[in-house]
Amino acid sequence: MQLSRDDLLSAYGTMVTIREFEERVAAEFETGDMPGFVHLYAGEEAIAVGACLDLEDKDVIASTHRGHGHCIAKGCDVEGMMLELFGRKDGLCGGKGGSMHIADLDRGMLGANGIVGAGGPLIVGAGLTAKTLKTGGVAIGFVGDGATNQGAVFEAMNLAVVLDLPVVFVFENNYIGEGTGVEYSVGSGDIAGRAAAFGMPVEKVDGRDFFAVHEAMRACIARARNGEGPSGIEALSPRYYGHFEGDPQAYRGDGEVEKYRDKDDCLKIFRQKVLEAGLLEEGDLDQLRDKARKEVDDAVKAARAAPAPGKADLMTDIYVSY
Amino acid sequence: MQLSRDDLLSAYGTMVTIREFEERVAAEFETGDMPGFVHLYAGEEAIAVGACLDLEDKDVIASTHRGHGHCIAKGCDVEGMMLELFGRKDGLCGGKGGSMHIADLDRGMLGANGIVGAGGPLIVGAGLTAKTLKTGGVAIGFVGDGATNQGAVFEAMNLAVVLDLPVVFVFENNYIGEGTGVEYSVGSGDIAGRAAAFGMPVEKVDGRDFFAVHEAMRACIARARNGEGPSGIEALSPRYYGHFEGDPQAYRGDGEVEKYRDKDDCLKIFRQKVLEAGLLEEGDLDQLRDKARKEVDDAVKAARAAPAPGKADLMTDIYVSY
Amino acid sequence: MAKKTIREAINDALRQEMERDERVVVMGEDVAGGAGLDGEEDAFGGVMGVTKGLYGQFSAARVIDTPISETAIMGMAAGSAATGLRPVAELMFCDFMGVCFDQILNQAAKFRYMFGGKATTPMVVRTTYGGGLGAAAQHSQCLYGMFTAVPGIKVVVPSNAYDAKGLLIQAIRDDDPVIFFEHKTMYDLADEVPDEAYTIPFGEANILREGSDVTIVALGKMVLEAREAADKLAEDGIEAQVIDLRTTSPLDEETILESVEETGRLVVVDEANPRCSIAADVAGLVAGGAFEMLKAPVKQVTAPHAPVPFAPELENLYLPNADKIVAAAKEIAA
Amino acid sequence: MAKKTIREAINDALRQEMERDERVVVMGEDVAGGAGLDGEEDAFGGVMGVTKGLYGQFSAARVIDTPISETAIMGMAAGSAATGLRPVAELMFCDFMGVCFDQILNQAAKFRYMFGGKATTPMVVRTTYGGGLGAAAQHSQCLYGMFTAVPGIKVVVPSNAYDAKGLLIQAIRDDDPVIFFEHKTMYDLADEVPDEAYTIPFGEANILREGSDVTIVALGKMVLEAREAADKLAEDGIEAQVIDLRTTSPLDEETILESVEETGRLVVVDEANPRCSIAADVAGLVAGGAFEMLKAPVKQVTAPHAPVPFAPELENLYLPNADKIVAAAKEIAA
Ligand SMILES: Cc1ncc(C[n+]2csc(CCOP(=O)(O)OP(=O)(O)O)c2C)c(N)n1
Ligand SMILES: Cc1ncc(C[n+]2csc(CCOP(=O)(O)OP(=O)(O)O)c2C)c(N)n1
Ligand SMILES: [Mg+2]
Ligand SMILES: [Mg+2]
């Protein structure tokens, strides 16, 4: 743990912002005022934040359908995100994308993606840009456990190795793809091992432990920045909400989520570690949570008050010129 | 080597038939009378024959763009094949398929395939049929080294493992995919290892040695027939001709093919082994070669004399009913 | 006869065909759900709940959950169909065809022709399409045109529960590959649906309303909009003949042409984007086959040439609807 | 000005744009060739030899050989385009789009809209299409219709070397994703082609021949057939106006409609299968936009609704050609 106090505050602040964001989105979605499909990231915050803490704007991430956490970790504007989720004209994507396609190229966030696995090849492209234009940037692709069974992801891993690109794959193993368990869907049961067989180092870490994720990612990112090619981590941590909002989660065991929230929660683990080590105070952490809560609350208020896009917006942004 | 004399004669006879077929097709293609794209299998005969010797009609194979060897090994009619390559009405596919789509469902030959890697998922389907209808059949998918980088093949391996199907993958490593070497295109450089990481046993064998291939396949096929799930072999053996007929093979080293033909030839290796072990006589082998040569010559004569399909055939065989 | 939703009608069809023929199997992502997890079996029954209950009756041997590997799913369907099964594969959203189109385009569709008539590939792909749920650009497309363009495939786009059941049973019994499109907003629409199995032949459009002033050709959900439009037009004294295509391949050219010969006017309605669409296809057909009887320009009512937007306000503007059909019809039949 | 083949013209365009802009990179299977092997470098220069020599000039950093992984290639192109490169990816045969369509359909094409205008994706996919080489069902298709249907993409189908160079340079400089179709039998066709770089704007059809009796709209290789047909028709006193679409998206609707308004008759020629084709699309356009001036049914000359057959005798029967165009034109303009 060689992180500065500022880093620790930033890490917790971002994690708790994601948590507050997702819990609030769950509540807002229940009101029926939020359109579309929403997939929540609560429970996995340590992965996104551990992976992105050391990234810069020139670094690029490709996300998944469960993208809010990655967005916030990569520095996207929370109010802009909330506006987008409500389909507002001033949302991050002008209300045209929504939760499943939220993106911010200026922040190096190449988009959530409604197509499972599609981010794999895209992030290889971002890696190619970094290598070709010598930007010094790295490219991080988030891939769910279920997504690791997609042809696109396999091809992407191989191509990243073949071209020796500055790419890091973050396999987010939350045990479930939609309603199917990893034990069923991944033949070998071993995501990291299968990925490593493509010819790159892949470390398995406890995704509930921010420090473990961050440490492993530090090595991967350094490798990539030094021109030593791709690598990956498999980070294990459960999701707390259904696959999508509205999912009754019949595939879960009794009390499963409660157990996770109680015993495996990444925020609790973080708190415990920094408090035990005397690195931060309770008050610091509570303050960050309150700040996050307020930020999210303000965002919801702004979003609810904001105008929807209209007729003039329907046929813009399809082409640069046509 | 527990093969009977009949098995040995059959194995050599099939191998030499493939060789004679391919050498003759090369010559016929040069005349300009054979249409389309042709990919020749000469050099790799021991793989197809080692893999297929123990198969029955109820067993199914899925082939590649380089499919003549698989066809002959699986028992397709040589004359019907030659007619098809010449685009004749009585060809195996009525002249509608040609070399790249040659097939014979009655023989359990599910088709050559113009789409690299597409046979992977298809053979999983054949495995599913065998398992569901309890036919006792096995399903063998041939996959080139280059094809092992296709998403379709990765997905197929995983699905075969997940569903525990009677499938055997035969990775034909002839070092080259079109004009690109395995060392470049396969990130790990290790096709068998990468496949094994999907959760099935995959053995690497000398593909020039019929006995090695046959032995390894015997285990895989037994496994599949016993309901113990998928497996694979990686068999290494060079191709002698260009990627397609007409390819100048600029990517080859000087004298590379000559060296292969001289030192690594699967027919020579077979001859040497059975002669040394006193299992067959020179005369047996020469007789088989002569028979094969005549069979192929007859096939060419028949094909050259045979009628082309015509107007009445153009719009048939698209649907069963429409 | 009982009222059944489209969801129930499709479930009915699957169950009855599985009972009738042991070669019929269902496969896809979470068609049961819960595999490898601690909760209930058959936890989803398909993400839209359409296959619910089949797992309990037919077990994992015939209701096959798969990894997220659409290429392998489609290929497994094609390969098993060519070797003796009659698979019904679920592709959760037709938009995902992008990741697995080869197994349809170059494999299933072409086997029979490439192999000189020696293969049959009796597979069905059930998939969802269409807008209206705020599912945005990657989960709302209407890709039946892309399949209609491919020789060797049949394409079904039912508009009601009765048709859904009869057309799906036909699809399962059909010896050619069939893509079956279900509109994701229509599953709860109910209709009189017989309990017993029945089939509806392909290539026979359904004339839902007689009328001599203008022909409205529509498919899928647009049939509902077309009927509503016809009612509104009738209020203004314009009698529209409404034709539900039911299948786009084969296409019932005869019924379309006969109708246009009667009315002399055509509006084609298609929820898809306009270029190379079913709307364009039918318009082109009529421009060739019924030109002499045409009295006015052929009108196409489609989504615009843009991806499907997320915000409900935009999506509403985007989707074709009864008012747009009425406006188009009035332009040529007022 | 020197005569150059289409192959040379395309090579010219790539080389000049790579010289001009370091962000332009070329990628695909064997675009150089020989990687990881003992023989020559740049052993293929693309399987059709189109990229030959670029590797020597620009090295492996900008002429990127890939494994056989089309999804990863298309995705790498899309992802690199959205982050600052201007990639030109080669897809050996357009038929292979089946294995990688998602990266075009759902990614490259939709980024800009889904992201509210904040992304640009300046990528080009060069690919081959068409019949005539006995390459059969999986290597002979004309899939430009499938791309034309997708909003967010531009589609180019040049018919000669001059256009090929100018349109490809335009494509590379264009900030939207472009699919560039090259007919596999036309690479050796030569033409006057300037040495210097020049662009041809998209959406401007080329009127190749004036004539007042019938309009013939064609694209790609069919333009050659259309010109031949026009010459034959002239012998019988029928003067055809021949329009080369050049791009199908954007489509030059104006030129088509104006021409039909002049001639009153239309034959559309498309090498693709008929359903939801460019032929249907243009016929539908005219049925809506130039109906009042149409004097006869619109004729579509296309391949039939069948996969491309292997045997040369069948392929000859299958492909549209000048004689079929002449026959269609005479039916309406005799
Ligand atoms: C190509 C494709 N197939 C299927 C889906 C439907 N789908 C969306 S998310 C999902 C599960 C993904 O699981 P995983 O990768 O583990 O991510 P998680 O949801 O657990 O974050 C599925 C099947 C899709 N969106 N795209
Ligand atoms: C999807 C697809 N991509 C590319 C091709 C072009 N192609 C045909 S064969 C081939 C090389 C295949 O290499 P490999 O799998 O090693 O088989 P081999 O030719 O060595 O037998 C390529 C690139 C194709 N037919 N299909
Ligand atoms: Mg998961
Ligand atoms: Mg090879």
Side-chain angles (χ1 to χ4, degrees), chain A residues 34-37 65 84 86-89 91 93-101 113-118 144 146-152 175-187 243-244 247-254 256 307-311 313-318 322, chain C residues 28-47 49 52 60 65-73 75 92-93 95-100 102 132-141 184 273 303-318:
Chain A
M34 191 177 272
F37 300 159
H65 57 287
E84 186 60 30
F86 272 97
R88 301 312 190 207
K89 184 174 163 57
C93 303
K96 284 174 173 162
S99 168
M100 259 194 300
H101 310 114
N113 211 310
I115 305 299
V116 166
T148 65
N149 299 310
Q150 267 286 0
Y175 317 125
I176 312 178
E178 198 164 288
T180 299
V182 165
E183 278 180 35
Y184 179 83
S185 73
V186 175
H243 172 58
F244 47 79
D247 168 12
Q249 305 201 63
Y251 47 81
R252 298 266 204 186
D254 279 341
E256 197 181 304
K311 202 156 192 166
D313 305 303
L314 183 65
M315 296 302 289
T316 57
D317 304 328
I318 304 159
Y322 195 60
Chain C
E29 294 158 18
D30 293 299
V31 287
L37 293 172
D38 295 337
E40 289 173 24
E41 292 194 326
D42 201 19
F44 267 115
V47 74
K52 189 88 183 170
D65 272 332
T66 69
I68 307 174
S69 305
E70 283 84 4
T71 299
I73 300 168
M92 208 180 286
F93 291 82
D95 315 66
F96 306 164
M97 200 32 89
V99 307
C100 58
D102 177 68
L133 287 188
Q138 294 175 334
H139 282 69
S140 305
Q141 292 167 92
K184 61 176 78 69
N273 300 117
H305 188 63
V308 184
F310 167 66
E313 294 79 1
L314 291 179
E315 200 180 17
N316 277 340
L317 290 165
Y318 179 91

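Order of the sequence lines sets the chain letters (A, B, ...), proteins ahead of strands, with each chain counted from 1.
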Would you mind telling me which of [options] has the largest number of heavy-atom pairs within less than 4.5 Å of chain A?
options	result
C:D42, C:N316, C:L133, C:T66	C:L133
C:V99, C:D65, C:D95	C:D65
C:S140, C:G98, C:A306	C:A306
C:G39, C:P312, C:G36	C:G39

Select one option (side chain, backbone, both, neither) describing which atoms of [X] are under 4.5 Å from chain C's heavy atoms.
X	answer
A:N113	both
A:A118	neither
A:Y322	side chain

Does [X] reach the side chain of [Y], with side-chain heavy atoms less than 4.5 Å apart?
X	Y	answer
C:D38	A:E256	yes
A:Q150	C:S69	no
A:I318	C:P307	yes
C:L37	A:I176	yes
A:K311	C:L314	no

If you count heavy-atom pairs under 4.5 Å with chain C, which of [options] comes out on top?
options	value
A:G36, A:G253, A:P35, A:G179	A:G179
A:E183, A:K96, A:Q249	A:K96
A:R252, A:E84, A:E178	A:E178

Look at atom CD of C:E41 and say whether more than 12 heavy atoms of other residues, nucleotides or ligands are closer to it than 6.0 Å. no
At their closest point, which heavy atom of [X] faces which heavy atom of [Y], and how far apart are they?
X	Y	answer
C:A136	A:G97	CB-O, 3.7 Å
A:G310	C:L317	C-CD1, 3.9 Å
C:E313	A:G87	OE1-O, 4.4 Å

Non-hydrogen atoms of chain A under 4.5 Å away: do they reach the side chain of C:F44, the backbone, both or neither? side chain
Which answer fits C:T71, side chain, backbone, both or neither, if we ask what part of it has an atom under 4.5 Å from a heavy atom of chain A? neither
Interatomic distance, [X] atom [atom1] to [Y] atom [atom2] [nearest 0.5 angstrom]:
X	Y	atom1	atom2	answer
C:F310	A:S99	CZ	OG	7.5 Å
A:F37	C:F93	CZ	CZ	4.0 Å
C:F96	A:I115	CZ	CD1	5.0 Å

For the residue pair A:H101 and C:H139, categorise the inter-ring angle as parallel (less than 30°), tilted (30 to 60°) or perpendicular (more than 60°). tilted
Run the side-chain hydrogen bond (donor to acceptor under 3.5 Å, both in side chains) check on C:D30 and A:T180 step by step: do they pass? CA-CA 7 Å; C:D30 293 299; A:T180 299; 2.7 Å; yes
